Amino acid sequence: MMASVDIRFSTRIYRARLAGARAVTLNEELARSCLSIATDDAAGQAWCAENHYNGYTSYASLNDLPWRFPDFADLAKLLDRHVAAFARELDLDLGSKSLTLDDIWINILPPGGVHTSHIHPHSAISGTYYVAIPKGASAIKFEDPRLGFMMAAPPRKKNAAPDNRSFVYIAPQERTVLLWESWLRHEVPVNESDSDRISISFNYGWR
Ligand SMILES: [Fe+2]
């Protein structure tokens, strides 16, 4: 008997690691900036305390990092190129509109910190650039977007093929860019490292 199985409706996650001397220097600059911005950003610290956010995020307090800090402007230029490459990979038909960086923000997740499951509404492509990933720092966990439809479906085996799994973990190295479509649900499980996990997240809109 001849049989074949087609894989369709696939979910793509883009990964690239910035390489070269300039990328290493840029990452060091970004690490310093993230920590000094977190220290100085009283409004952001207050927002994190009010919202029981474990650690620091600039998400609610600073929305112009690339204009204020040249290292963030450099990163944004690099991200533009990776987002364009991902859009080609996805065969997105952008028409006369383009993918534009709408928001970029810092996340500092201390030991024991988590970031619960979420999507990024009002956005087309989202992603994270990893600045500092100490040993034992959390992977990012992605959820099969069809999970909500699988009401009576059997679970998948523990050793299921990667494209059959309901959850996928990616343990990024520092200087890695990860991109996904903004509707893809994800979370950051508990940071089991004994130091801060530093990342920069962003949203690209289609307009
Ligand atoms: Fe996110």
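First listed ligand is number 1; within each ligand, the first listed atom is number 1. None of these values were measured; they are calculated from a predicted model.
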Practice item. Given side chain to side chain contact (heavy atoms under 4.5 Å, CB included), test Ile170 with Leu178 step by step and report yes or no. Key: CA-CA 9 Å; Ile170 296 180; Leu178 287 187; 4.0 Å; yes
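In this structure, Tyr59 belongs to a hydrophobic cluster whose other members, linked by side-chain heavy atoms under 4.5 Å apart, are Trp105.
Judged as a ring-ring contact (aromatic ring centres under 6.0 Å, His included), the pairs with a partner in residues 15-58 (not counting sequence neighbours) are, in order, Tyr53-His115.
Contact check on Asp102 versus Arg207 returns a salt bridge, with a Lys/Arg side-chain nitrogen under 4.0 Å from an Asp/Glu carboxylate oxygen.
Distances from the Fe ion (ligand 1) under 2.8 Å pick out these protein N/O/S atoms: His118 NE2, His120 NE2, His186 NE2.
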Which pairs would a plain distance check flag for residues 81-90, meaning a side-chain donor or acceptor within less than 3.5 Å of a matching protein atom at least two apart in sequence or in another chain?
residue: His82; atom: ND1; partner: Tyr14; partner atom: OH; Å: 2.7

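Counted by atom type alone, Ser10 and Arg8 present zero donor-acceptor pairs between their side chains at under 3.5 Å.
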